[in-house]
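The structure under discussion appears below in the form of structure tokens.
Since the structure is predicted, the reported quantities are computational estimates derived from the model, not experimental observations.
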Amino acid sequence: MAPLRFSANLSWLFPELPGLTARFRAAGSAGFEAAEVAFPYAEPPEALARAAREAGLRLVLINTPPGDPEKGEMGLGAVPGRQAAFREGLEQAVLYAKAVGCPRIHLMAGRVPLGVDRASVRGEMERVFLENLRHAAGVLAQENLVGLLEPINTRITDPRYFLDTPQQVAAILQKVGRPNLQLQMDIFHWQIMDGNLTGNIREFLPIVGHVQVAQVPGRGEPDSPGELNFPYLFQLLEDEGYKGFVG
């Protein structure tokens with residue numbers, strides 16, 4: 001039974017430091033062997049690769065670009081009418097992943113349009129997402145990369161996000177049927193949406209490609225005050241044979 005491997009999520013950790021280069025150094029000094037960055041696109045890919053290398057870190061996860069934040073976009077994969085922009089963002093993410101040796105890209109689904117009832121557009125958004133995911137799976141396979149889908153809680157963090165449960169993601173992955181698309185498990189979001197962490201982890205871990213953790217409700221470090229028992233959860237992941245990284 002292999003011990004868990006941890007990656008520093010530099011979009012959240014070391015916020016007192018002004019840039020990614022300093023955060024890479026801090027993560028390396030703290031003993032991490034890997035890091036992840038949600039949106040690395042403000043830095044040239046070569047500079048990102050150099051910063052990770054000098055800190056002795058592997059970059060193990062990035063996200064596709066969010067779209068236009070001024071318009072409230074947070075991913076484009078399932079957003080009708082934004083297929084071309086999603087594919088452009090995917091190409092940019094692949095360029096960065098290749099430059100830094102990052103094997104996984106979180107394919108962000110995006111939000112239900114403002115003022116629209118979720119149920120009324122769910123079918124159309126899923127159709128767009130399936131179309132984009134089939135395209136993405138082919139692009140990623142050419143570069144030996146894995147695409148990840150992450151459900152984000154709609155109770156607190158992002159009420160309009162399209163994906164909000166592992167059950168929804170698992171059903172979409174089954175419809176797409178591509179082995180290089182997997183589930184991204186963020187225990188913070190899963191606890192808020194459904195709880196039942198032991199059962200859900202055991203059920204869905206076979207299709208999980210990456211795990212993220214934060215305490216609930218404050219979204220702090222695992223040893224910060226909150227309702228999650230991380231020694232138990234980490235042991236569960238080990239016992240169930242999880243071999244990927246935990247961000």
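You'll find the side chain of L236 stays beyond 4.5 Å of the side chain of L197, heavy atoms only. Using a 4.5 Å heavy-atom cutoff, the side chains of Q212 and E36 are in contact. Considering only heavy atoms from C-beta on, R111 stays 4.5 Å or farther from V79 through its side chain. Put simply, the side chain of Q92 reaches to within 4.5 Å of the side chain of Y41, judged on heavy atoms. Inter-residue side-chain proximity for V60 and R5 is flagged as unmet; no heavy-atom pair is nearer than 4.5 Å. Under the 4.5 Å side-chain criterion, counting only non-hydrogen atoms from C-beta, E54 is not in contact with F24. No side-chain heavy atom of L181 sits less than 4.5 Å from a side-chain heavy atom of L149. Using a 4.5 Å heavy-atom threshold, the side chains of L130 and R134 count as touching.
Contact between V213 and F234 at its shortest, heavy atoms only, is CG1-CE2, 4.1 Å. Shown here for P113 and M125, the closest heavy-atom pair between the two residues is CD-SD, 4.0 Å. Across E227 and P217, no two heavy atoms sit closer than the pair OE1-CD, 4.4 Å. A pairwise comparison of heavy atoms in L76 and G67 identifies CD1-CA, 3.9 Å as the closest pair. Nearest heavy atom pair, residue F14 against residue R23, reads O-NE, 3.1 Å. Considering every non-hydrogen atom in both Q168 and L163, the closest pair reads OE1-CA, 3.3 Å.
Judged by distance alone, the side chain of Y242 and the main-chain N or O of V208 form no donor-acceptor pair under 3.5 Å. Remark: side-chain polar atoms of N132 are paired, donor with acceptor, to backbone N or O of G77 under 3.5 angstrom. The backbone N or O of A137 sits less than 3.5 Å from a side-chain atom of N180, completing a donor-acceptor pair. A distance-only check finds a donor-acceptor pair linking the side chain of Q215 to the backbone of L228 [under 3.5 Å].
In summary, R87 and E131 engage in a salt bridge, as defined by a charged side-chain N under 4.0 Å from a carboxylate O.
The only member of T165, N153, N200 that meets side-chain hydrogen bond (donor to acceptor under 3.5 Å, both in side chains) when paired with D194 is N200.
Cluster membership check: Y161 does not share its hydrophobic cluster with W12, using side-chain heavy-atom separations under 4.5 Å among Ile, Leu, Val, Met, Phe, Trp and Tyr. Note: the hydrophobic cluster containing V94 does not contain L61 (ILVMFWY, side chain heavy atoms under 4.5 Å, direct or indirect links). By the criterion of side-chain heavy atoms lying less than 4.5 angstrom apart, applied directly or through intervening Ile, Leu, Val, Met, Phe, Trp or Tyr residues, F245 is not grouped with F204; the two fall into different hydrophobic clusters. F188 and M74 fall within the same hydrophobic cluster, where Ile, Leu, Val, Met, Phe, Trp and Tyr residues are linked whenever their side-chain heavy atoms come under 4.5 Å apart, directly or through other members. When the side chains of ILVMFWY residues are joined at heavy-atom separations under 4.5 Å, either directly or via intervening members, V146 and F86 end up in two distinct hydrophobic clusters.
H210 NE2 to E150 CD: the interatomic distance, rounded to the nearest 0.5 Å, is 9.0 Å. Here the OG1-CZ distance, from T64 to F39, works out to 7.0 Å after rounding to the nearest 0.5 Å. Put simply, CE on M193 and CD1 on I156 are 10.0 Å apart, with the number rounded to the nearest 0.5 Å. Annotation: the span from T154 atom OG1 to R160 atom CZ amounts to 12.5 Å, rounded to 0.5 Å. A distance of 6.0 Å separates CZ of R82 from NZ of K71, quoted to the nearest 0.5 Å. Taking CG from L237 and CZ from R202, the interatomic distance works out to 11.0 Å, rounded to the nearest 0.5 Å.
The 12-atom threshold is exceeded at CD of E16, counting heavy atoms of other residues, nucleotides or ligands nearer than 6.0 Å. For D239, the CG atom counts as densely surrounded, since its 6.0 Å shell holds more than 12 non-hydrogen atoms of other residues, nucleotides or ligands.
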Derivation of the side-chain contact (heavy atoms from CB on, under 4.5 Å) call for V37 and Y96: CA-CA 11 Å; V37 179; Y96 269 73; over 6 Å; no
Stepwise side-chain contact (heavy atoms from CB on, under 4.5 Å) check, H189 with R155: CA-CA 9 Å; H189 295 304; R155 295 184 190 276; over 6 Å; no
side-chain hydrogen bond (donor to acceptor under 3.5 Å, both in side chains) evaluation trace for H135 with Q83: CA-CA 10 Å; H135 170 79; Q83 290 93 322; over 6 Å; no
Step-by-step side-chain contact (heavy atoms from CB on, under 4.5 Å) determination, L140 to L107: CA-CA 11 Å; L140 296 174; L107 307 172; 4.3 Å; yes
Trace of the side-chain contact (heavy atoms from CB on, under 4.5 Å) decision for E91 with E88: CA-CA 5 Å; E91 296 293 339; E88 289 175 12; 5.8 Å; no
